[in-house]
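Inspection log for the structure reproduced underneath, given as structure tokens.
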Amino acid sequence: MLLTDNIGEPELTERICKGDRVAFDVAFRRYYPGLVIFASQFTAEQSVAEEIVQDFFVRLWEKRMDLVFTDSMKSYFFTSVKNRCFNYLKHRKIELEVIERLKVISRQSLLFEPDVYLDSELQEKITRAVNALPERCREVFIMSRFKGMKNDEIAEQLNLSKRTVETHISNAIASLRRDLKEYAGLVILTWFLS
Amino acid sequence: MRELTNRRTAEKLKQHIQKLEQFSDDQEIMEAYLSMQKIKEVGTETARGKVWSRIGRESRSRQVYTWFSRAAAILVFPLLLLAIWSITRQKPVSGTEMVTQEITVPMGIRSRIVLPDSTRVWLNSGSSIRYRLPFTNGSREINLSGEAYFEVTHDQSNPFSVHTGRSKVEVLGTSFNIKAYEEEPEVEVVLIEGKLRFKAGMKEEEVVLSPGERAVFEKDKGITVRREPLEKYAAWRFGKLVFDETPMKDVARDLERWFGIKVILTDPRLNEYRFTTTFENQSLQQVLELLELSSPIKSSYVPATVNMDNQPGEPAKVHFSFETQKMIR
């Protein structure tokens, strides 16, 4: 952990406005990686997301003198990046209908919640829910759902029976449902309210 | 062409949206968890470098020169003149008659010079180099005290070597950083590009370095070579002061050189304290502020004195003390 991590947000904002490069670096290190992954949920490509977020930071420094955050730094950063992503998609001539679908899903899905991309309580809750899965079960689940492996491929690689793999997967789903369903619902609710 | 890439983007995006729409709650959580892992793999430092270099380029074209760079330019200019003078000096000297050229950079200042063979040298604070004229004379020999970064012009028939009191570096054409302050127990060589031979100590121990390697010579241990990311060792020439888990004692010494001040650690507990950050063209005041803000250190500044006859007296001093109430998580 960097010692600079505990500089408060208002202080950071003020310092950036005054042209303090260290403060800019602190904000950059704190937000950049999360913003990139957040943006890639909109762009579907991480390299594009990286460019968008870098552009945002260059622009942030250039107009630092007249920065006024009506909201927190967090919501300013995430909202700006989101808008930049939509601008990019329009520029790329993506059909309006597709952009509308993305807008809808971005209001509903946990994956567009800024707290997923920052040190936060939400991150802790997600980690806890995933860690509550038995290790094998988690491993099988990741291989199946995110690496797109077939059940018999997983069975072969982990030296398990196909039946066991299936049980692991359904157990994982049940456990995650139990642990986070109420929370996922909550996230969606707060999105609608805000 | 443009249309094709647009179409590809659209295709990728549609698939992505479809996946998102079909996620059940549990898959969303799992995907969120995987996204959290991806955050850790983003190349933040590289991106930070890119962003700063873009900021530098774009603002320079708008002629926004800070006071800092103006001051630096003024200080570099006399040294440039000196280098030009040394080149013009070279011609009338005959082979038997040797003239020694010495360039010294005081504490608090860094400078860049060009040698007669067009080798570029960055000299760090409190360092000096000495060489004989004519410089290119079957070999190119430099004496160094302190820290310097060299970008050596390739010239096979005139090998280039750097001597410090305790060591010698021989190269053909390379970029490397060498740190050999007399008051420090070790000599450090960091090779960015090319190849070099590093000799050190009474026993003339010798190693050949490849790019990406860092060699350290200590009197009792001899030479040790390690491969590691080297960016931080040569970042000073871009005006960056990099600390990476650096003990306070060394931070104090670096600040002394960098700003030409005297740092006094008033509490032995400070010696154990380690500090990690990068300062880029920061003023002393900004650096002290950040130190205070991020650690249990309190600093007090005593300005430099001037004697009766307007001669410089004591340098500015900074006292670091330990603030117990201010504990860090």
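Below, chains carry the letters A, B, ... as their sequence lines are ordered, and counting in each starts from 1.
- Here the side chains of A/R138 and B/M30 are in contact, with some heavy-atom distance below 4.5 Å.
- Checking B/T44 against A/R29 by side-chain atom types alone, no donor-acceptor pair falls below 3.5 Å.
- Between the CG atom of B/L13 and the CD atom of A/E45 there is a distance of 9.0 Å, given to the nearest 0.5 Å.
- If you measure heavy-atom distances from B/Q15 to chain A, you find no contacts under 4.5 Å at all.
- For A/L35, no part lies near chain B; criterion is any non-hydrogen pair under 4.5 Å.
- The candidate from A/A44, A/G19, A/S40 with the greatest count of non-hydrogen atom pairs under 4.5 Å with chain B is A/A44.
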| request: Would you sort out whether B/F23 and A/S109 count as a side chain to side chain contact (heavy atoms under 4.5 Å, CB included), showing the intermediate values? | output: CA-CA 9 Å; B/F23 271 152; A/S109 168; 5.8 Å; no

| request: Please assess A/F112 against B/L20 for the test side chain to side chain contact (heavy atoms under 4.5 Å, CB included), listing each intermediate value before the final yes or no. | output: CA-CA 11 Å; A/F112 293 86; B/L20 290 172; 3.7 Å; yes

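- Taking the side chain as every heavy atom from C-beta outward, B/L290 and A/R15 approach each other to under 4.5 Å.
- Around CD of B/E231, the count of heavy atoms belonging to other residues, nucleotides or ligands within 6.0 Å does not exceed 12.
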| said: Applying side chain to side chain contact (heavy atoms under 4.5 Å, CB included) to A/D55 and B/R54, what does each step give before you reach the verdict? | reply: CA-CA 9 Å; A/D55 281 348; B/R54 273 182 58 187; 2.8 Å; yes

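- Separating the NZ atom in B/K240 from the CZ atom in A/R21 is a distance of 10.5 Å, to the nearest 0.5 Å.
- A/E95 has a carboxylate O that lies under 4.0 Å from a charged side-chain N of B/K14, or vice versa, which qualifies the two as a salt bridge.
- To the nearest 0.5 Å, atom CD of residue A/E124 and atom CE of residue B/M36 are 9.0 Å apart.
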| request: Report the C-alpha distance between A/F57 and B/I55 in whole Å, list the side-chain angles of each, state the deciding distance to 0.1 Å, and finish with yes or no for side chain to side chain contact (heavy atoms under 4.5 Å, CB included). | output: CA-CA 9 Å; A/F57 274 104; B/I55 289 171; over 6 Å; no

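- With a 4.5 Å cut-off on non-hydrogen atoms, A/Q123 touches chain B through its backbone and its side chain both.
- In the displayed structure, A/E51 atom CD is contacted under 6.0 Å by at most 12 heavy atoms of other residues, nucleotides or ligands.
- For the atom pair CD1 (A/I105) and CD (B/Q22), the distance works out to 10.0 Å, reported to the nearest 0.5 Å.
- Proximity to chain B (any heavy atom under 4.5 Å) is shown, for A/L102, by both the backbone and the side chain.
- No donor-acceptor pair closer than 3.5 Å links the side chain of B/H16 to the backbone N or O of A/T43.
- Shown here is B/E184, whose CD atom has more than 12 heavy atoms of other residues, nucleotides or ligands within 6.0 Å.
- Taking NZ of B/K19 as the reference point, atom CG of A/L111 lies at 8.5 Å (rounded to 0.5 Å).
- With a 4.5 Å cut-off on non-hydrogen atoms, B/E280 touches chain A through its backbone and its side chain both.
- Within the 4.5 angstrom heavy-atom criterion, atoms from both the backbone and the side chain of A/V116 approach chain B.
- Contact annotation for A/F42: only backbone heavy atoms (N, CA, C, O) come within less than 4.5 Å of a heavy atom of chain B.
- Rounding to the nearest 0.5 Å places NZ of A/K103 at 11.5 Å from CD1 of B/I17.
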